[in-house]
Amino acid sequence: MTDGFADILIRWYADNHRRLPWRETSDPYLIWLSEVILQQTRVAQGLDYFRRFVARFPDVRSLAEAPQDEVLKLWQGLGYYSRARSLHTAAKDIMARFGGRFPEDYEAVRSLCGVGDYTAAAICSFAYELPYAAVDGNVYRVLSRVYDVDLPVDDAAGKRYFAELAQSLLDPVRPGLQNQATMEFGALQCVPQRPDCGACPLADRCLAQAHGTVGRRPVKRGKAAVRPRYFNYLCIRCDGTLLLRQRTEKDIWRNLYEFPLIETDAETEFDALQRTSAWKAWFGGERRMRIGERTAMPRHVLSHRIIYACFQEIELERIPDSLSGFLRVPEAELDRYAVSRLTERYLERRRAAGVNVKVGKLFDS
DNA sequence: AAGTCGGGGCG
DNA sequence: CGCCCAGACTT
C-alpha cells in the first residue's frame with residue numbers, strides 16, 4: 001500500500017527505461033568510461049563516443065598505453081576536454097597503483113583523477129552495489145520538486161542538503177537500480193521544462209506540484225555574465241603546409257591544436273589587426289605575403305561561451321624565424337590533430353571549397 | 001564561494 | 001537567445 005519513494009521509481013524504471021550499452025555490463029571500467037563521457041553531457045550526444053572509446057580502448061591498459069593526443073582526438077567535439085586528460089591520467093594511475101585492476105572501494109574510486117562524488121557513487125553502486133547515493137542534475141531536480149526544496153542546488157549548503165536527503169532515501173538493498181531509476185526518471189519524466197505531471201507516478205506526493213512551484217524547481221543561484229572573447233585565427237600557408245600549434249596554456253581547449261591566434265579585446269578589422277603587437281612580432285618585416293579570404297566578420301560562432309572568431313587565409317613564400325615555433329603540417333594531415341569544433345567546422349568549409357584560399361591582393365607593409 | 005571548462009538541443 | 005545536460009577542479 002504505502003509504496004516508498006524507491007519502489008515507485010524502480011517500478012517506473014522497469015516500464016520506461018532506455019536500453020543503453022553501459023547498462024548491459026557490470027565492468028567497472030566501462031561504467032567509469034560512460035560516467036565520465038556523460039558528465040554534463042546528454043546521452044544522445046555521448047553514445048557514439050562511448051562506442052568508439054570501447055572499440056579502441058576496451059580496457060584500462062589499452063587506454064593507459066595510448067598517447068594522450070590519441071585520446072584527445074577520439075574525444076574531439078565532446079567538450080570539457082579536461083575529462084579526456086583526466087581519464088587518461090586515471091588509467092595510468094590504475095595501472096601504477098592497482099596493477100591495472102579497477103579499484104573496488106569508494107575511497108579508492110573517488111581518488112581517481114576526474115572522479116568526484118557523483119561519479120564515484122555511480123560507479124560503486126552500478127558496478128559493485130555499494131550503497132552510495134548518486135546525485136546528479138536529474139536527482140537535484142526530482143528531489144527539489146518532490147520535497148519542494150527551495151535551497152539553491154549549486155552552493156555548498158544545498159549540495160550537502162540534497163546529498164543527505166538522497167542518501168537517506170536510498171534503499172541499500174538495490175542502490176544501483178535505485179540510482180539508475182532516479183536519474184532516468186529525471187531525464188525522461190521529471191524533465192526541466194514543462195514536465196507532464198499528469199502522467200507522473202509521484203504526483204500524489206509531489207509537494208512542488210501541490211504548491212504550484214514545479215516550474216521554479218530546482219532553484220539555482222544566478223550566474224555572472226561571461227566576458228566575450230575575440231579570436232582572430234591566421235591560416236598561414238606556405239609550400240603546402242599550414243602552421244599549427246598546441247594550446248598548452250591554462251585556458252579553454254587545453255592541449256588541442258589550432259592556427260596561430262591573435263586574441264583581441266574587441267572586434268578587429270584586418271588593418272587594425274596588422275597594427276597589433278602580435279602581428280608585428282610575427283610579420284614585422286615580412287613583405288612577401290598574400291592575403292586571402294577571411295571568414296565573415298568576427299562572427300559569433302561558439303555557443304554561450306561567447307567567442308567571436310574569424311579565420312584569415314594568408315600565404316607566405318617562406319616562414320620567417322618569428323614563426324618557427326609553430327608546427328608545419330601538410331594540409332592532408334590536418335585531420336590527425338584534435339581541434340575545437342570551431343576549427344573543425346572551418347576546416348570542413350575550407351576543404352569543401354577546395355583549398356580555396358584564392359589569393360587576393362599582394363600585401364606590402 | 002565563485003569561476004572555469006564545450007558543445008548540442010530545445011522552446 | 002537562454003536554459004540545461006549522468007560534474008570536477010581551481011582559485
Side-chain angles (χ1 to χ4, degrees), chain A residues 17-18 20-23 31-50 72 75-87 89-90 109-126 132-142 152-160 162-163 166 176 179-188 190-195 215-227 229 247 249-256 300-307 309 338-345:
Chain A
H17 77 272
R18 297 165 289 185
L20 297 168
W22 47 85
R23 289 181 175 155
I31 291 170
W32 168 53
L33 177 60
S34 74
E35 290 303 333
V36 175
I37 286 175
L38 293 173
Q39 285 168 7
Q40 293 291 284
T41 303
R42 295 170 189 280
V43 167
Q45 190 185 356
L47 194 50
D48 283 336
Y49 284 86
F50 177 79
L72 278 172
W75 198 273
Q76 175 175 306
L78 238 200
Y80 281 141
Y81 297 93
S82 68
R83 294 182 292 171
R85 300 192 305 268
S86 295
L87 193 72
T89 298
V109 173
R110 177 66 178 77
S111 77
L112 296 173
C113 188
V115 175
D117 292 339
Y118 161 75
T119 303
I123 293 170
C124 290
S125 66
F126 299 160
Y132 292 91
V135 185
D136 73 336
N138 293 306
V139 178
Y140 284 127
R141 190 167 54 253
V142 172
V153 297
D154 53 357
D155 69 16
K159 284 178 181 165
R160 186 165 50 247
F162 282 98
N179 280 337
Q180 288 276 20
T182 309
M183 290 190 289
E184 189 77 339
F185 184 77
L188 299 183
C190 196
V191 294
Q193 306 296 329
R194 302 176 66 82
R216 288 181 279 142
R217 301 287 179 268
V219 172
K220 298 192 174 181
R221 67 170 210 276
K223 67 273 177 237
V226 293
R227 168 179 69 98
R229 299 178 66 175
R247 290 181 67 90
E249 63 273 19
K250 203 162 158 181
D251 193 5
I252 60 171
W253 300 327
R254 184 173 176 184
N255 290 12
L256 269 59
H300 160 294
V301 180
L302 224 63
S303 58
H304 81 293
R305 255 337 102 188
I306 320 242
I307 292 178
V339 298
S340 67
R341 284 288 284 143
L342 172 64
T343 295
E344 186 183 16
R345 283 209 192 86

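Keep in mind the model is a prediction, meaning the values are calculated, not measured. Just so it is clear: chains get the letters A, B, ... in the order the sequence lines come, proteins before strands, and each one is counted from 1.
At a cut-off of 3.5 angstrom, counting only N and O atoms as typed in the model, there is a donor on one side and an acceptor on the other between the side-chain of A/Thr41 and the base of B/dG6.
Taking only side-chain atoms of A/Pro192, from C-beta outward, the nucleotide of B/dG7, C/dG7, C/dC4 with the closest atom is C/dC4. Of the candidates C/dG7, C/dC4, B/dG7, B/dG7 carries the atom nearest the A/Tyr81 side chain, counting heavy atoms from C-beta on. Side chain of A/Arg42, nearest nucleotide from C/dC4, C/dG7, C/dA6: C/dC4. Comparing C/dC4, C/dT11, C/dA8 by their nearest atom to the side chain of A/Arg141 picks out C/dC4. Listed nucleotides B/dG6, B/dG8, C/dA6 differ in distance to A/Trp253; the shortest reach to its side chain belongs to B/dG6. With distances taken from any side-chain atom of A/Tyr118 to the nucleotides C/dC4, B/dC5, C/dA6, the minimum falls on C/dA6. Checking B/dG6, B/dC5, C/dA6 against every side-chain atom of A/Asp251, the shortest atom distance belongs to B/dC5. Checking B/dG6, C/dT11, C/dA6 against the side-chain heavy atoms of A/Lys250 singles out C/dT11 as nearest.
Residue A/Arg85 is classed as having no contact, given no heavy-atom separation below 4.0 Å to the nucleic acid. Heavy atoms of A/Lys220 sit under 4.0 angstrom from primed sugar atoms or phosphate atoms, though from no base atom. As judged by a 4.0 angstrom heavy-atom cut-off over every strand, A/Trp22 is placed among the base-contacting residues. A/Ser82 comes within 4.0 angstrom of nothing in the nucleic acid, heavy atoms only. The residue A/Val139 sits apart from the nucleic acid: no heavy atom pair falls under 4.0 Å. At the heavy-atom level, A/Ile37 lies nowhere under 4.0 Å from the strands shown. Using a 4.0 Å heavy-atom criterion, one finds that A/Ala156 contacts the sugar-phosphate atoms exclusively. Using a 4.0 Å heavy-atom cutoff across all strands shown, A/Asp117 reaches sugar-phosphate atoms only and no base atom. Using a 4.0 Å heavy-atom criterion, one finds that A/Gly77 contacts the sugar-phosphate atoms exclusively.
Following rounding to the nearest Å, A/Leu87 (CG) and C/dC9 (C1') show an atom-to-atom distance of 16 Å. Atom CG of A/Asp136 is separated from atom C1' of C/dA8 by 14 Å (rounded to the nearest Å). As rounded to whole Å, 13 Å separates atom P of C/dC4 from atom CZ of A/Arg217. Per the geometry, CD belonging to A/Gln39 stands 15 Å off C1' belonging to B/dG7, to the nearest Å. For the pair A/Ile306 CD1 and B/dG3 C1', the interatomic distance rounds to 15 Å; values are reported in whole Å. The interatomic distance linking A/Phe162 (CZ) with C/dG7 (C1') rounds to 16 Å, in whole Å. In this structure, the CD atom of A/Gln193 is 14 Å from the P atom of C/dG2, given to the nearest Å. As a whole-Å value, the separation of A/Leu47 CG from B/dG9 P is 14 Å.
Between A/Arg341 and B/dG8, a side-chain N or O to OP1/OP2 separation shorter than 4.0 Å is present. Within the 4.0 Å cut-off from OP1 or OP2 of C/dC5, not a single side-chain nitrogen or oxygen of A/Tyr140 is found. For A/Thr119, no side-chain nitrogen or oxygen approaches OP1 or OP2 of C/dA6 to under 4.0 Å. Side-chain N/O atoms of A/Gln40 include one lying less than 4.0 angstrom from OP1 or OP2 on C/dG7.
We find the CG-CZ distance between A/Leu33 and A/Phe50 to be 5.5 Å, quoted to the nearest 0.5 Å. Taking CG of A/Asp136 as the reference point, atom CD of A/Gln40 lies at 9.5 Å (rounded to 0.5 Å). Taking CZ of A/Phe185 as the reference point, atom CZ of A/Arg141 lies at 10.0 Å (rounded to 0.5 Å).
The shortest distance between side-chain heavy atoms of A/Trp253 and A/Ile307 falls below 4.5 Å.
Here, B/dG8 and C/dC9 have their C1' atoms 23 Å apart, quoted to the whole Å. As rounded to the nearest Å, B/dG9 and C/dA8 have P atoms that lie 24 Å from one another. Taking the P atoms as reference points, B/dG11 lies 16 Å from C/dA6, given to the whole Å. Across the C1' atoms, C/dC3 and B/dG6 are found 15 Å apart, a figure rounded to whole Å.
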Side-chain donor/acceptor pairs under 3.5 Å, residues 112-123 of chain A, sequence neighbours excluded:
{"unit_1": "A/Asp117", "atom_1": "OD1", "unit_2": "A/Arg110", "atom_2": "NE", "d": "2.8"}
{"unit_1": "A/Tyr118", "atom_1": "OH", "unit_2": "A/Glu35", "atom_2": "OE1", "d": "2.7"}
{"unit_1": "A/Thr119", "atom_1": "OG1", "unit_2": "A/Gln39", "atom_2": "NE2", "d": "3.0"}

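A side-chain donor-acceptor contact under 3.5 Å links A/Asp154 to the backbone of A/Arg221. With hydrogens and angles disregarded, a donor-acceptor distance shorter than 3.5 Å links the side chain of A/Arg85 to the backbone of A/Arg254.
Nearest-nucleotide assignment on DNA chain B puts the 5′-proximal partner with A/Arg254, out of A/Arg254 and A/Arg194. Along DNA chain C, the nucleotide closest to A/Cys113 and the one closest to A/Ala122 are compared, and the more 5′ of them pairs with A/Ala122. Comparing A/Arg221 and A/Ser340 against DNA chain B, the residue whose closest nucleotide sits nearer the 5' end is A/Arg221. Each of A/Gly114 and A/Val43 was matched to the nucleotide of DNA chain C holding its nearest heavy atom; the match closer to the 5' end belongs to A/Val43.
For A/Thr41 and A/Arg83, the side-chain atoms include at least one donor-acceptor pair closer than 3.5 Å.
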